[in-house]
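Only one structure is covered here, and it is reproduced in the block below.
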Amino acid sequence: MNKYILIGKCYHTSRGGPAAIIRGLERELKRQNIRVNSLLLSEECGKIELIKGVLQHVLFSDNNVVNVHTEGFLIPLMVHFCSLLNSKNKYFLTVHGIYAIEADYTERKKKRYVILEKFLYRHFRNIICVSKMLEQSLEKIFGRNKNVFVIPNATDATDFELYDQKVWQNEIKMIMLGGIRKQKGIYESLDLIDHLVNQKKMKIQFEIYGVTDSREETEKFNIKLREKGLCDIVKYMGLIQNSRELYTLISDADFQLCMSHYDTFNVAVAESLVLGCPCICSNKCGAAYLIKEGINGTVVNIDKREYEKIFCFLNHVKDNMENYRYIIKEAENIRRLVSWTAVAEQYLRKTGYGIPGSGED
């Protein structure tokens, strides 16, 4: 292969999501001395410049790996048309989500996006899924089951030092990184805290970090807090931009809640597990496969109120101090799976970079 061409949307203001994955992958590939050509829509590169770059470096070139990432569908559509006109490169679409599902939680669903998504996911030459759950969704919703590869998302949290020991206090400190967003299960999380505090009489402090869907959603959230009498227990802390500060918050927490209705991966799960913070995760998170049930977390059915299962898990962890060494052991194992070194190597291997005839069938 000549070059590894990365294409996508990567504004500096986008700290998470596909932009974070593109930046991490670009950095690691360059560290491994791979010839990377990044064509990224950003503050420095507008749409016209991006189109020119794709035409020059993709349409009129050969023997490259072309890896385009979803956040919007017009850029992947342009790359798809290039693949029809020039078959001398290997083309891969990394899918980060399913708009047809996620739009139900975030915005009014736009028909043209649904159509574009369906077309791309059915016809793009090769697809990379960020989880096995996403792979299964692609087959179930779009009938796509050929030339599909699974490569997990990575996290920089693997570079953050693990705590040697944990001191459990009488009061449990829980965090959530999904913000005030319906898709992230904010109201299911609130109901759980209500149950644990008011029914099970547990002492809990719950802090929520991240963005909010809207001002209206924040007002609705605050009303529910007052109704449940949780204003002194639940605090919305806003968005944390600094990654080191975020990883310290996770490390200091006793548990993290990731009660998403649908997340094709949810990097917060991986961040929690590699930092030794047990995670209570819904079965609709693609990263749930990283959890070793009853050790470093528990996976619950988001459609059922599995409060008793969660209550038992919380008590099991905090009442058994010796369990922390098993949590650390699992953290070390997971670090080897979701480090940027491991994930970048999978991108190279599964896209067949430098291996003639590999990757695409």
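Contact check on Asp213 versus Arg181 returns a salt bridge, with a Lys/Arg side-chain nitrogen under 4.0 Å from an Asp/Glu carboxylate oxygen. A salt bridge does not link Asp191 with Lys224: every distance from a Lys NZ or Arg NE/NH1/NH2 to an Asp or Glu carboxylate oxygen is 4.0 Å or more. Salt bridge present: Lys132 and Glu135 bring a charged side-chain N and a carboxylate O closer than 4.0 Å. Ionic pairing of Lys9 and Glu71 is not present here: no N-O contact between side-chain nitrogen and carboxylate oxygen is shorter than 4.0 angstrom.
Cation-pi geometry between Lys220 and Tyr187 is met: under 6.0 angstrom from the ring centre, within 45 degrees of the axis. Both tests hold for Lys200 against Phe311: distance to the six-membered ring centre under 6.0 Å, angle to the ring axis within 45°.
The structure places CD of Glu271 at 10.0 Å from OG1 of Thr158, a figure rounded to the nearest 0.5 Å. The CG atom of Asn153 sits 10.0 Å away from atom CG of Leu25, with the distance rounded to the nearest 0.5 Å. Atoms CD1 and CG, from Ile240 and Leu246 in turn, are 7.0 Å apart once rounded to the nearest 0.5 Å.
The neighbour count for Glu161 CD, taken as heavy atoms of other residues, nucleotides or ligands under 6.0 Å away, does not exceed 12. For Asp62, the CG atom counts as densely surrounded, since its 6.0 Å shell holds more than 12 non-hydrogen atoms of other residues, nucleotides or ligands. Heavy atoms of other residues, nucleotides or ligands lying less than 6.0 angstrom from CG of Asn242 number more than 12. The number of heavy atoms from other shown groups lying within 6.0 Å of NZ (Lys118) does not exceed 12.
Side chains of His261 and Lys182 form no contact here, defined as non-hydrogen atoms less than 4.5 Å apart.
Checking Val79, Val54, Leu85 one by one against Leu59, the side chain to side chain contact (heavy atoms under 4.5 Å, CB included) holds for a single residue, Leu85. Partner Asp156 forms a salt bridge (Lys or Arg N to Asp or Glu O under 4.0 Å) with one of Arg244, Arg335, Arg27 and no other, that one being Arg27.
Defined by atom type and a distance below 3.5 Å, a donor-acceptor pair is present between the side-chain atoms of Tyr262 and Ser137.
Separation of the His96 and His69 ring centroids falls under the 6.0 Å cut-off.
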Could you walk me through whether Arg31 and Glu28 pass the salt bridge (charged side-chain N to carboxylate O under 4.0 Å, His left out) test, one step at a time?
CA-CA 5 Å; Arg31 193 192 69 80; Glu28 181 60 29; 2.7 Å; yes

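Each of Phe265 and Val150 belongs to its own hydrophobic cluster when Ile, Leu, Val, Met, Phe, Trp and Tyr are linked at side-chain heavy-atom distances under 4.5 angstrom.
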